[in-house]
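Notes follow the structure.
Remember, it's 1-based here, ligands and their atoms both numbered in the order they're listed. For the numbers below, each heavy atom of this structure counts, side chains included, while hydrogens, waters and symmetry mates do not.
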Amino acid sequence: MRTDSGQIFRLEDYRESDYLIPEVELTFRLDPQETVVSARLTVERRKNVAPGTALELDGDGLRLSSLAIEGMPAAADAFEATPERLVIARPPSAKRFTLDIETRLQPSRNKALMGLYVSSDVFCTQCEAEGFRRITYFLDRPDILSVYTVRIEAEKKSAPLLLSNGNPVESGKLGGGRHFAVWHDPHPKPSYLFALVAGDLGVVTDSFTTASGRKVALGVYVEHGNETRAAYAMDALKRSMRWDEERFGREYDLDVFNLVAVSDFNMGAMENKGLNIFNDKYVLADADTATDLDFANIEAIIGHEYFHNWTGNRITCRDWFQLCLKEGLTVFRDHEFSADQRSRPVKRIAEVRGLRAHQFPEDQGPLAHPVRPRRYREINNFYTATVYEKGSEVVRMIRTILGEDAFRAGMDLYFERHDGQAVTIEDFVKAFEDASGRDLAQFALWYHQAGTPHVAISSRYDAGEKSFTIEIEQSVPPTPSESRKRLMHIPLAFGLVGADGQDMAFDTVEGAVVEDGVIHVRKRHHSVRFTGVPARPVLSINRGFSAPITLSGETSTDDRLFLARHDSDPFSRWQSLNTLFTEALLAATRTVRGGDEPLFASELVEAAVSLAANDTLEPAFRALALTLPGEPDVAREIGANIDPDAIHTARIALLKAIARAGCATFEALYAGLHDNAPFTPDAQGAGCRALRNVLLEYLALADESPTPAKRQFDTADNMTDRAAALTVLANHFGETQETRAALAAFEARYADDPLVLDKWFQIQASVPAPETVALMRSLMEHPHFSITNPNRVRALIGTFAMGNQRAFHSADGSGYRLVADTVLALEAHNPQVAARLATAFRSWRSLETGRRDEARRVLSDIAKHENLSRDLADIVERTLA
Ligand code: PHE
Ligand code: ZN
């Protein structure tokens with residue numbers, strides 16, 4: 001484990017390396033206990049670097065067993081090797097020379113899951129961001145691009161399959177029951193994209209012919225017996241390949257594309273060139289074991305990793321400060337892919353909900369950082385919602401500002417100009433400036449300045465002048481180490497909605513640049529005046545969530561209800577109703593804290609019921625509209641002195657109010673939505689199930705009985721319906737015999753299926769009741785709980801800490817202690833996952849004083865531990881600062 005040295009890496013310190021490594025030849029003699037890695041590096045001194053300049057290679061926990069320079073064993077005083085470094089003080093003065101480095105690894109003992117490790121008897125690697133240095137000494141930085149040739153040797157019986165990046169070259173038998181394979185990747189790539197897999201796996205094969213006629217052999221590798229659960233992933237892969245050709249003109253560039261599912265993985269998946277490695281959660285799916293959300297995630301992540309082939313691999317990052325160059329852009333591409341494959345408005349609403357739930361609290365708390373950070377202590381801690389999701393929003397805004405055609409021209413120029421290079425955000429933005437002739441200097445602040453901008457809006461209609469004026473004021477709240485903010489360029493899509501629901505025309509506009517339905521806010525204050533507006537419009541603003549901001553304004557309830565019914569932009573319809581719900585929940589939370597019973601306006605409750613029944617709208621949209629803001633959404637709006645119990649009580653009260661008012665309507669709808677057609681995972685089927693399952697919760701609450709949920713649980717023919725019913729039972733009827741029986745049946749049925757058992761842990765960890773803390777302690781003793789499997793840890797502890805606001809924030813601090821204990825237990829073998837879990841504490845300052853004190857105490861206790869990993873020390877210290 002890397003303990004913390006406190007070193008901070010700074011963007012302004014970037015400097016080219018003195019040496020390049022154009023070629024790498026690796027030989028792996030695989031053995032779970034002792035693997036020998038022989039690396040032959042061709043090293044090249046850069047022009048202008050003095051001959052003999054010292055060469056310093058990165059390592060992490062390495063053991064050097066031999067070193068040769070130019071083919072000659074190196075004398076003991078010719079180098080200095082520590083686990084962290086290999087320094088050759090006087091390398092050969094030739095322009096090019098070779099190093100032969102032999103290291104020894106213990107893959108079966110690697111529980112950090114970085115570098116070479118073993119997962120369920122399969123050897124695999126994870127090198128992003130700095131895992132390659134756990135395999136061999138290297139210039140382990142993304143601007144070092146090398147052509148790799150990899151030879152893998154292993155026991156044939158336990159590892160019949162030997163994969164690496166690029167194309168297969170050669171394979172054959174060796175003595176002693178061993179065999180080998182050689183792979184060559186002609187595309188120069190950074191070390192973080194290196195990968196190797198060896199083991200005994202089942203496979204689904206297919207092929208894809210690219211637009212220019214290249215035939216690509218496709219393989220999806222999974223545990224034996226899971227082949228049928230890989231069919232959807234293969235289908236998603238082929239659709240991704242076609243889509244990138246059609247939408248971005250990007251073709252695949254190798255003869256093979258392989259994708260491997262492993263069961264121990266720190267993240268979602270990894271885009272290694274030609275050999276994507278996936279968390280099996282994002283590959284395996286069928287009707288019986290995966291929910292609609294799982295199918296949608298698989299499609300999105302398969303797409304995401306595939307799209308990295310151009311945005312990340314062919315064009316990569318100069319340094320890790322540029323992480324959003326590949327991640328923000330690739331998230332944008334996977335969002336567009338899903339939008340094209342499914343319902344665009346529904347996808348957009350889901351994205352915005354995710355952004356607000358994950359990125360906004362990050363941007364508004366102690367861990368806030370710019371989309372392109374300027375400093376880090378541990379790069380693993382910057383794989384954040386800000387880099388990914390806000391990074392994607394920034395690309396989306398570029399498209400909004402430029403329009404579809406100029407955006408595509410900018411992307412084309414970026415690909416053409418930078419193919420084969422390691423570049424920066426400045427290079428990316430410049431491609432759009434050059435392709436469009438527009439100045440994006442002010443806009444680029446979105447990359448450089450942390451914090452969620454706020455826009456305050458007010459408007460007035462002058463009937464005499466037939467003019468409509470919008471007052472717009474922007475502000476950016478201070479964030480850690482950035483107290484003074486500059487003004488942003490914020491593209492606000494809008495419409496002036498007339499009484500008939502259509503957007504009204506206007507004659508002239510002054511006070512801001514307005515083009516194609518977008519107001520370009522660039523100053524602190526704009527007074528935007530429209531003339532020739534025949535009647536008072538209702539303002540619809542930030543349509544489609546054109547900018548990732550918070551908004552305030554005194555829109556009346558009537559206007560919001562009107563927009564919820566009539567806005568031509570479906571996102572805004574959803575947003576209007578959602579804002580009304582949020583406001584109602586804020587008021588109800590205050591009422592609860594004052595000791596009273598909350599009441600809700602009947603017009604709001606009725607709007608929800610009539611929306612549910614509106615069959616001109618697609619079911620998935622109605623499901624989203626009927627889903628109340630979550631408890632954390634309400635907490636975020638309150639902002640300070642938060643009492644999670646009061647929020648919970650208020651939200652249950654609104655659920656019940658809607659349930660009672662809509663009972664008859666919901667029952668009829670619920671029954672009518674059921675069909676006996678076999679399950680298909682497409683968006684339409686998923687939408688119907690989503691609506692039905694939202695209705696199920698309302699029906700159960702209206703009935704005050706577990707019966708409807710129990711019936712659905714017993715008769716469900718797919719995991720979406722089964723898991724949804726179990727969730728309703730666990731959340732609202734935990735004490736009943738029905739719930740206990742359902743939990744036991746589920747556990748027994750899926751005892752041998754880790755991914756489904758994760759759902760069983762997850763459902764129980766998310767029950768918003770104080771008793772959940774005690775239940776957690778016993779679930780952690782369950783024979784199937786494992787602290788070394790990240791999926792299991794995330795399902796149980798991650799869900800509790802990040803998805804159960806009420807129980808995690810139990811007033812006595814017991815939830816905090818449970819999570820802190822787990823963080824420390826994880827820290828010993830997997831600092832990356834430990835640090836991520838610790839971010840659950842990031843909003844501690846906004847709680848009421850009792851909880852705030854408990855959280856501070858728990859965090860300070862973690863901070864006091866000696867020899868904390870760099871990952872955890874970084875998170876805890878920034879959270880406390
Ligand atoms: N680069 C991966 C992705 O977003 C994420 C990842 C980062 C995976 C670090 C593993 C380790 O697609
Ligand atoms: Zn990615």
Side-chain angles (χ1 to χ4, degrees), residues 60 110 112-117 119 124-135 140-142 165 189-197 233 236-237 240 244 259-283 297-317 319-338 354 358-359 371 373 376 378-392 394-395 422 790-791 794 830-836 871:
D60 179 5
N110 179 354
L113 314 183
M114 287 292 277
L116 176 69
Y117 64 98
S119 170
C124 65
T125 55
Q126 173 53 46
C127 293
E128 187 178 5
E130 296 177 338
F132 192 72
R133 62 183 68 180
R134 290 164 62 92
I135 295 174
D140 190 14
R141 42 188 284 173
N165 316 91
K189 66 169 175 290
S191 52
Y192 80 86
L193 291 174
F194 165 77
L196 166 161
V197 172
L237 173 60
S240 302
D244 211 12
L259 190 162
V260 182
V262 299
S263 51
D264 301 276
F265 202 74
N266 283 346
M267 309 280 272
M270 180 65 212
E271 70 265 24
N272 316 301
K273 181 83 187 188
L275 178 55
N276 289 0
I277 299 182
F278 272 63
N279 184 328
D280 58 1
K281 178 177 164 59
Y282 298 116
V283 175
N297 285 338
I298 289 169
E299 180 179 79
I301 297 178
I302 296 257
H304 180 96
E305 305 311 330
Y306 176 74
F307 304 143
H308 267 314
N309 192 50
W310 275 94
T311 52
N313 301 3
R314 296 282 296 238
I315 304 179
T316 194
C317 304
D319 52 67
W320 290 119
F321 298 101
Q322 320 297 329
L323 183 57
C324 64
L325 176 86
K326 72 179 179 81
E327 296 304 347
L329 175 56
T330 305
V331 170
F332 172 75
R333 278 152 51 72
D334 86 55
H335 283 176
E336 284 297 293
F337 171 59
S338 295
H358 303 115
Q359 199 275 327
V371 172
Y376 62 76
E378 172 51 65
I379 188 58
N380 287 337
N381 290 336
F382 282 81
Y383 288 80
T384 60
T386 297
V387 168
Y388 277 66
E389 263 64 46
K390 189 176 179 181
S392 164
V394 177
V395 177
N791 282 356
R794 280 186 286 255
N830 192 334
Q832 202 178 327
V833 172
R836 190 160 282 256
D871 307 59

Inset, instruction - Check whether any side-chain heavy atom of Leu237 lies under 4.5 Å from a side-chain heavy atom of Tyr306, and answer yes or no. - result: yes
Inset, instruction - State, with a plain yes or no, whether a side-chain heavy atom of His308 is found less than 4.5 Å away from one of Met270. - result: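 No, side chains not in contact.
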Inset, instruction - Classify the angle between the aromatic ring planes of Phe194 and Phe132 as parallel (below 30°), tilted (30 to 60°) or perpendicular (above 60°). - result: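 If you compare the ring of Phe194 with that of Phe132, the planes turn out perpendicular.
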Legend entry - Aromatic plane relationship, Tyr376 with Phe321 - under 30° parallel, 30 to 60° tilted, over 60° perpendicular: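 The rings of Phe321 and Tyr376 sit tilted, inter-plane angle from 30° to 60°.
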Inset, instruction - Using heavy atoms and a cut-off under 4.0 Å, could you grab the residues that are in contact with ligand 1, chain by chain, numbers ascending? - result: Gln126, Glu128, Met267, Ala269, Met270, Glu271, His304, Glu305, His308, Lys326, Glu327, Tyr383, Tyr388
Inset, instruction - Look at Arg333 together with Asp244 and state whether they make a salt bridge at an N to O cut-off of under 4.0 Å. - result: yes
Legend entry - Asp60 with Arg133: basic N within carboxylate O range, under 4.0 Å: no
Inset, instruction - Among the N/O/S atoms of Glu327, select the one at the shortest distance from the Zn ion (ligand 2) and name it. - result: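 Result for Glu327 and the Zn ion (ligand 2): OE1.
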